[in-house]
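In what follows, chains carry the letters A, B, and so on, assigned in the order in which the sequence lines appear, proteins first and then strands, with residues in each chain numbered from 1. Both backbone and side-chain heavy atoms feed into the values below; hydrogens, waters and symmetry mates do not.
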There are 2 protein chains.
Amino acid sequence: MSMRRTTIKDVAEAARVGVATVSRVLSGGSASPETRERVLTVAAQLDYRPSALGRNLRQQRSGGIGLLLPDITDTFYGRLADGVLACARSAGEPVILGTTGDDEEREAELIGMLVEQGVDRVIAVPSGDGEIWAPTLRAGLTMVFAHRSSGGRDEVPAVLADDRAGVRTAIDYLTGLGHRRIAYLGGPGQSQRLTAFRQALGPLVDEELIVLARGTRDSAYAAAAGLFQHRPDLTAVLAGGNLLGEAAVLAARELDVRVPRDMSLVMFDDVPWAELCSPPLTVIAQPARDIGYRAAELVLRAGGRRPRGVLLPTELIVRGSCGPRGSSRSPR
Amino acid sequence: MSMRRTTIKDVAEAARVGVATVSRVLSGGSASPETRERVLTVAAQLDYRPSALGRNLRQQRSGGIGLLLPDITDTFYGRLADGVLACARSAGEPVILGTTGDDEEREAELIGMLVEQGVDRVIAVPSGDGEIWAPTLRAGLTMVFAHRSSGGRDEVPAVLADDRAGVRTAIDYLTGLGHRRIAYLGGPGQSQRLTAFRQALGPLVDEELIVLARGTRDSAYAAAAGLFQHRPDLTAVLAGGNLLGEAAVLAARELDVRVPRDMSLVMFDDVPWAELCSPPLTVIAQPARDIGYRAAELVLRAGGRRPRGVLLPTELIVRGSCGPRGSSRSPR
DNA sequence: CATGCTCATGGAAACGATTCCATCATGTTT
DNA sequence: AAACATGATGGAATCGTTTCCATGAGCATG
């Protein structure tokens with residue numbers, strides 16, 4: 001019924017050469033022009049496609065790139081994945097996707113699965129402080145972090161958006177509008193942004209206005225609603241991600257906080273619906289797709305040498321969700 | 001520096017048995033209780049993880065599931081992918097992701113890449129009319145279609161949302177509000193929805209009110225804007241996907257068409273931002289994640305027998321984007 | 001007691017590619 | 001002309017696993 005795939009041996013026999021020669025011709029080794037020609041012709045005729053299985057076993061590594069994301073449902077990571085896929089496709093490499101849910105344990109599991117599969121190049125948005133990665137690195141994996149860097153020093157190159165600058169311009173913008181009580185709604189694993197926030201705000205920082213949520217919608221909503229209820233005196237919010245921004249808009253509407261009259265809102269990450277909101281959201285755009293693309297480039301071209309990380313620019317896109325400081329809301 | 005991975009041979013030697021026995025023990029074959037015990041202990045001690053590479057070559061297939069989506073950036077497909085990943089993870093199977101951009105050629109390329117990798121189980125949202133799939137099927141792949149089915153008869157099981165019922169309830173809802181001139185904004189590869197639209201509308205159908213866009217944002221916007229400009233007499237629109245819905249909202253705002261006063265809008269697919277819109281969008285919710293999960297179940301448990309497809313329910317979620325038929329807009 | 005059956009077991013053969021190494025032909029240098 | 005360098009070529013080993021098959025032990029049945 002189903003005939004056997006054509007193997008390198010078939011090609012060798014049909015072209016009356018040895019298998020070694022076929023392999024050399026196909027992988028760019030040296031061969032005389034005439035045999036090269038003959039082998040190529042025969043291979044084309046037989047529609048020969050080398051089996052990745054055999055090759056992988058021999059060279060002890062499956063091609064392919066592992067991609068570990070917190071949540072593929074989040075459009076930010078969707079765009080990031082899109083960038084990785086684009087680059088991988090142009091290199092002909094398959095991409096194995098796994099989602100961690102920002103859980104270190106699941107992340108470790110996934111890494112185990114990847115090495116089991118022989119995947120030796122991984123792009124990850126690291127969940128924890130990156131201690132899990134130490135053994136992985138020692139095992140000889142080529143790693144690149146995207147969007148977040150591992151907690152401590154950087155043994156692993158990272159492709160990041162310039163959070164520091166993004167936060168700074170956003171805060172400058174808000175303080176320029178007269179805001180003083182500015183809150184920060186943060187998600188998991190973004191210590192960078194948080195410290196940038198603290199730095200940018202300087203003496204104005206109010207620790208009670210800093211709220212951290214877990215990666216879920218519910219958690220984000222709870223954080224936003226809690227913040228708005230407890231601190232009616234705040235006049236501006238910086239949401240550290242599109243999920244947080246969504247939660248902020250929702251909570252504001254629910255609690256009758258009008259944007260931007262009662263409260264200004266800046267959201268990290270420009271998503272399509274930011275423009276559809278009313279008012280349209282002022283955002284800090286991040287080049288999510290580029291982050292993925294660059295990370296893939298790095299992990300693919302890592303010829304033994306460990307490349308330096310990359311910092312990509314962010315952009316403040318002013319729409320309609322920020323206004324001058326109004327009278328602060330009265331407690332309900 | 002980097003020590004060799006521990007192989008089955010190491011385990012065999014350490015446990016003083018043959019490699020065959022180790023393999024049997026680890027894959028659930030028969031063995032005497034004592035040897036089983038010994039092998040398991042030793043394997044655990046040496047932290048032995050069987051290499052997928054060797055296994056794959058031997059059994060001529062890499063485990064793993066191929067997942068082919070039009071666009072991972074679209075949250076619908078993001079949710080679908082999430083479902084697939086969830087199911088695959090519980091089965092310990094890796095998922096190889098590829099995006100087709102609704103392009104048959106790219107789709108064919110990706111399939112080629114997958115078979116080269118030895119992947120023999122694929123979940124796909126088919127782009128074209130499915131002719132590409134014939135040779136693939138003959139090659140012995142296990143295929144499941146998700147979200148769309150192949151054009152003709154169904155040789156391939158498909159997991160679908162009940163588009164027919166979804167369209168019908170939406171149209172009933174709109175006609176119930178008094179609407180007669182109802183437009184359809186469609187995307188690629190959804191002939192199902194379109195025919196359902198025609199059927200549900202019956203004699204009211206106006207072919208000029210049916211506009212099809214390609215899969216991009218620009219194309220969707222152009223389609224929506226063109227429709228609104230040319231036909232100011234329409235009073236309701238059914239958008240056949242979240243991209244189309246987004247375009248409709250944008251175009252309506254741009255052209256000063258007020259929703260729902262001037263025009264009612266129902267969108268296929270419930271996305272988080274539908275609630276953030278003003279007015280909040282009335283949508284036909286589809287169980288995207290379930291579609292993915294079920295598709296993965298099907299493709300995993302396909303024990304030779306070809307399972308029947310699955311039809312999952314949709315739900316009309318009424319929010320604020322539909323109203324009774326008002327006076328139709330005057331041409332500009 | 002002999003025969004046959006079941007079961008655990010290990011050696012060895014696949015699987016399909018890459019790559020080391022030996023061989024042989026050809027051309028170049030002394 | 002002999003020695004040597006160069007380059008093309010094919011045989012064979014290798015990667016790590018599964019699985020076929022033969023072997024031998026233990027046990028029951030005739």
Side-chain angles (χ1 to χ4, degrees), chain A residues 2-40 42-43 46-64 92 94 115-120 139-140, chain B residues 2-40 42-43 46-64 92 113 115-120 139-140:
Chain A
S2 67
M3 53 195 176
R4 205 170 41 80
R5 273 176 60 115
T6 67
T7 74
I8 199 176
K9 209 174 159 189
D10 301 327
V11 177
E13 277 172 16
R16 279 170 317 183
V17 293
V19 289
T21 306
V22 177
S23 175
R24 266 189 301 258
V25 168
L26 263 43
S27 46
S30 69
S32 80
E34 40 182 308
T35 38
R36 146 164 281 117
E37 178 76 18
R38 201 167 63 233
V39 169
L40 253 40
V42 170
L46 297 184
D47 190 34
Y48 168 66
R49 312 273 306 249
S51 153
L53 270 39
R55 170 175 351 171
N56 291 348
L57 176 56
R58 171 61 221 240
Q59 26 198 58
Q60 291 289 71
R61 59 191 210 85
S62 109
V115 299
E116 198 168 312
Q117 298 290 328
V119 174
D120 63 347
Chain B
S2 64
M3 54 195 175
R4 208 168 40 80
R5 274 177 60 114
T6 67
T7 75
I8 199 176
K9 209 173 159 190
D10 301 327
V11 178
E13 278 172 15
R16 278 168 317 182
V17 293
V19 288
T21 305
V22 177
S23 175
R24 266 189 302 259
V25 168
L26 263 43
S27 47
S30 70
S32 79
E34 39 181 310
T35 40
R36 145 164 281 115
E37 178 76 19
R38 199 167 64 233
V39 168
L40 254 42
V42 169
L46 297 185
D47 188 33
Y48 168 66
R49 311 274 308 249
S51 153
L53 269 39
R55 174 182 7 225
N56 291 348
L57 176 57
R58 171 61 219 237
Q59 23 198 62
Q60 291 292 69
R61 59 192 212 84
S62 108
M113 193 253 270
V115 299
E116 197 168 313
Q117 297 291 327
V119 174
D120 63 348

List the protein contact pattern of nucleotides 16-24 of chain C with one symbol per nucleotide (5' to 3'): B for base contact, S for sugar-phosphate-only contact, - for none; contact means a heavy-atom distance under 4.0 Å.
BBBB-----

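Atom-to-atom distance recorded for B:Arg49:CZ and B:Ile8:CD1 is 14.5 Å, nearest 0.5 angstrom. Between A:Arg36 atom CZ and A:Ser30 atom OG the span is 8.0 Å, to the nearest 0.5 Å. Rounding to the nearest 0.5 Å places CG of B:Asp10 at 7.0 Å from CG of B:Leu46. Atoms OG and CD, from B:Ser62 and B:Glu116 in turn, are 12.0 Å apart once rounded to the nearest 0.5 Å. Distance check, rounded to the nearest 0.5 Å: CD of B:Gln60 to CZ of B:Arg55 gives 14.5 Å.
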Step by step, would you call A:Asp120 with A:Val115 a side chain to side chain contact (heavy atoms under 4.5 Å, CB included)?
CA-CA 7 Å; A:Asp120 63 347; A:Val115 299; over 6 Å; no

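For the helix from C:dC1-D:dG30 to C:dT30-D:dA1, the rotation axes defined at the first and last 5 base pairs enclose an angle of 50°, given to the nearest 10°.
Remark: C1' of D:dG16 and CD of B:Glu13 are 14 Å apart, rounded to the nearest angstrom. D:dT17 atom C1' lies 13 Å from atom CG of B:Asp10, rounded to whole Å.
Here the side chains of B:Asp47 and B:Thr6 are not in contact, with every heavy-atom distance at 4.5 Å or above. For the pair B:Thr7/B:Ser51, no side-chain contact is recorded, criterion being any heavy-atom separation below 4.5 Å from C-beta on. Contact of the A:Asn56 side chain with the B:Asn56 side chain is not registered, since no non-hydrogen atoms from C-beta on lie closer than 4.5 Å. Using a 4.5 Å heavy-atom cutoff, the side chains of B:Arg38 and B:Thr35 are in contact.
Across all strands, B:Arg36 comes closer than 4.0 Å to no nucleic acid atom at all (heavy-atom distances). No engagement by A:Arg61 is indicated, since no non-hydrogen atom pair under 4.0 Å with the nucleic acid exists.
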Dump the pairs, protein N or O against N or O of nucleotides 4-8 of chain C, anything under 3.5 Å, distances to one decimal.
residue : atom : partner : partner atom : Å
C:dA8   : OP2  : B:Ser30 : OG           : 3.1

